[in-house]
Protein chains: 2
Amino acid sequence: MDGQETTEPRGPGRTRIQERNRALILEAGLAVFSETGFRGATLDRIAKSARLSKPNLLYYFPSKEAIHLALLQGLLDAWLAPLRGLDPEGEPVEEVLAYVRRKLELSRDFPRESRLFANEVLRGAPHLTEVLGGELAALVDEKAAILGRWMDEGRLARLPPEHLVFSIWALTQHYADFDTQVRAVLGDGRDPFAEAGPFLDLLFRRLLAP
Amino acid sequence: MDGQETTEPRGPGRTRIQERNRALILEAGLAVFSETGFRGATLDRIAKSARLSKPNLLYYFPSKEAIHLALLQGLLDAWLAPLRGLDPEGEPVEEVLAYVRRKLELSRDFPRESRLFANEVLRGAPHLTEVLGGELAALVDEKAAILGRWMDEGRLARLPPEHLVFSIWALTQHYADFDTQVRAVLGDGRDPFAEAGPFLDLLFRRLLAP
DNA sequence: GTCTATACTCTGATAGAC
DNA sequence: GTCTATCAGAGTATAGAC
């Protein structure tokens, strides 16, 4: 998700080369895993994409699974950041709209990360069970409580708060995960994300107006 | 999607056993492909699930790809039927709501089919390119025109019609494809689909009211 | 730190007996 | 129609030279 080795602090005892190669492998792994899922990905293709030999890959990561886990871990913070940013002190409708916008930007700017995540959840999320039931569920609970309070105060239309969150996830991620289908329907020359922005803005404004 | 060999017409020159085994293989293929995607699925697992030997599998289908293609083909009609059912003579809001309901029922009753489809589109839909750009795009164009007409007549809120369709797909399929995540957030003892029904009803009623 | 070579398993697919 | 046996290739991972 970034590549600045000069500013990024290095792990304990890691040389610049090691940092660089780890980054190369993660970048390659992201490309391959997001396309074919965990089981469909092969070390051969990751190695080729990273321009490293297969054994060299396994010098940096003990296994294929380790690469996958490292990617998912690194992804999660960035993925949950927009929801974390929902400010209980803010203006309700605008707060939710800002969340929708940030989430749509993630879909636009990091579609491979979105698909990596989608692939994992589709499988039943074997590498994410603890996170989904723990960190994620807790975060949604916390923010759902805020949304519920706003609804009680009449500052937001009454809706099941968790499903409101699901609807934001579904609508924004759809443009990354189903990109192929969206483009097939819209045809060439149209920009799905440019159209999705105003559409989702309008949708949630209508939905949430108290 | 069904199993009644007695009422279902048989293909040309197929015995009852052949029909039955083909159905067994497709059922097993659906289970495996929907979990791990095309590349992640193996003939071994499909064979085991169908309780047939691997060569016997390949007696009925010439290749792994053929099983996958047969599944996708069989799926598409059922998948597009709800949208086809959108009646230009009906009452606009109720027509769209009926479509949403039928689509959500598909997600609830055929989640594996939904995930099979999601897996394929996530990969870039190599086995569906013609269909997406052809049949699907044409159907959406046709129905988008109807929606646009209703909007012109002031019987439906003005929205980009294609994105309205995308939003229906995204919101209904989310409950099948991200079932793991939804359940992790909601916790045990809650029924995602029972809650999603009224929620989506409310959402689209608010969104579409002229 | 990186490579070649290789062990060993799994995978899709075929041959041929019954 | 179904099975056992088997193939060639791809898969993950390791050993060991440099």
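Chain identifiers are assigned alphabetically (A, B, ...) following the order of the sequence lines, protein sequences preceding nucleic acid strands; residue numbering begins at 1 within each chain.
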- Taking the side chain as every heavy atom from C-beta outward, state whether A:S167 and B:F199 have any pair of such atoms under 4.5 Å apart. yes
Just distance, no hydrogens or angles: give the donor-acceptor pairs under 3.5 Å from side chains in residues 134-144 of chain A, sequence neighbours left out.
unit_1, atom_1, unit_2, atom_2, d
A:E135, OE2, A:R84, NH2, 3.0
A:K143, NZ, A:R84, O, 3.2
A:K143, NZ, A:L86, O, 3.0

- Query: Closer than 4.0 Å, any side-chain N/O of A:N56 to the OP1 or OP2 of C:dT4?
  - Reply: no
- Query: Is the shortest side-chain N/O distance from B:S53 to OP1 or OP2 of D:dC3 below 4.0 Å?
  - Reply: yes
- Item | SB check B:R183 B:D179 (cutoff 4.0 Å) | yes
- Message: I'd like to know whether A:W169 forms a side chain to side chain contact (heavy atoms under 4.5 Å, CB included) with B:Q181, so could you lay out the CA-CA distance, the side-chain angles of the two residues, the decisive distance to 0.1 Å, and finally the verdict.
- Response: CA-CA 11 Å; A:W169 291 347; B:Q181 183 177 237; 3.6 Å; yes
- Item | Spacing of A:N56 atom CG and A:I25 atom CD1 [to the nearest 0.5 Å] | 6.5 Å
Spacing of [X] atom [atom1] relative to [N] atom [atom2], expressed in whole Å:
X: A:F61; N: C:dG1; atom1: CZ; atom2: C1'; result: 15 Å
X: A:Y59; N: D:dA15; atom1: OH; atom2: P; result: 16 Å
X: B:I46; N: C:dC10; atom1: CD1; atom2: P; result: 17 Å

Exercise answer: donor-acceptor pairs, residues 121-130 of chain B side-chain atoms, under 3.5 Å, sequence neighbours excluded:
unit_1, atom_1, unit_2, atom_2, d
B:R123, NE, B:E120, OE1, 3.4
B:R123, NH2, B:E120, OE1, 2.8
B:H127, ND1, B:H68, ND1, 2.9
B:H127, NE2, B:E65, OE2, 2.7
B:T129, OG1, B:P126, O, 3.4

- Message: Regarding A:Y60, tell me which of base, sugar-phosphate or nothing describes its non-hydrogen contacts under 4.0 Å with the strands shown.
- Response: sugar-phosphate
- Between protein and nucleotides 11-18 of chain C, map the contacts as a letter string: B base, S sugar-phosphate only, - none, heavy atoms under 4.0 Å, written 5' to 3'. SBBB----
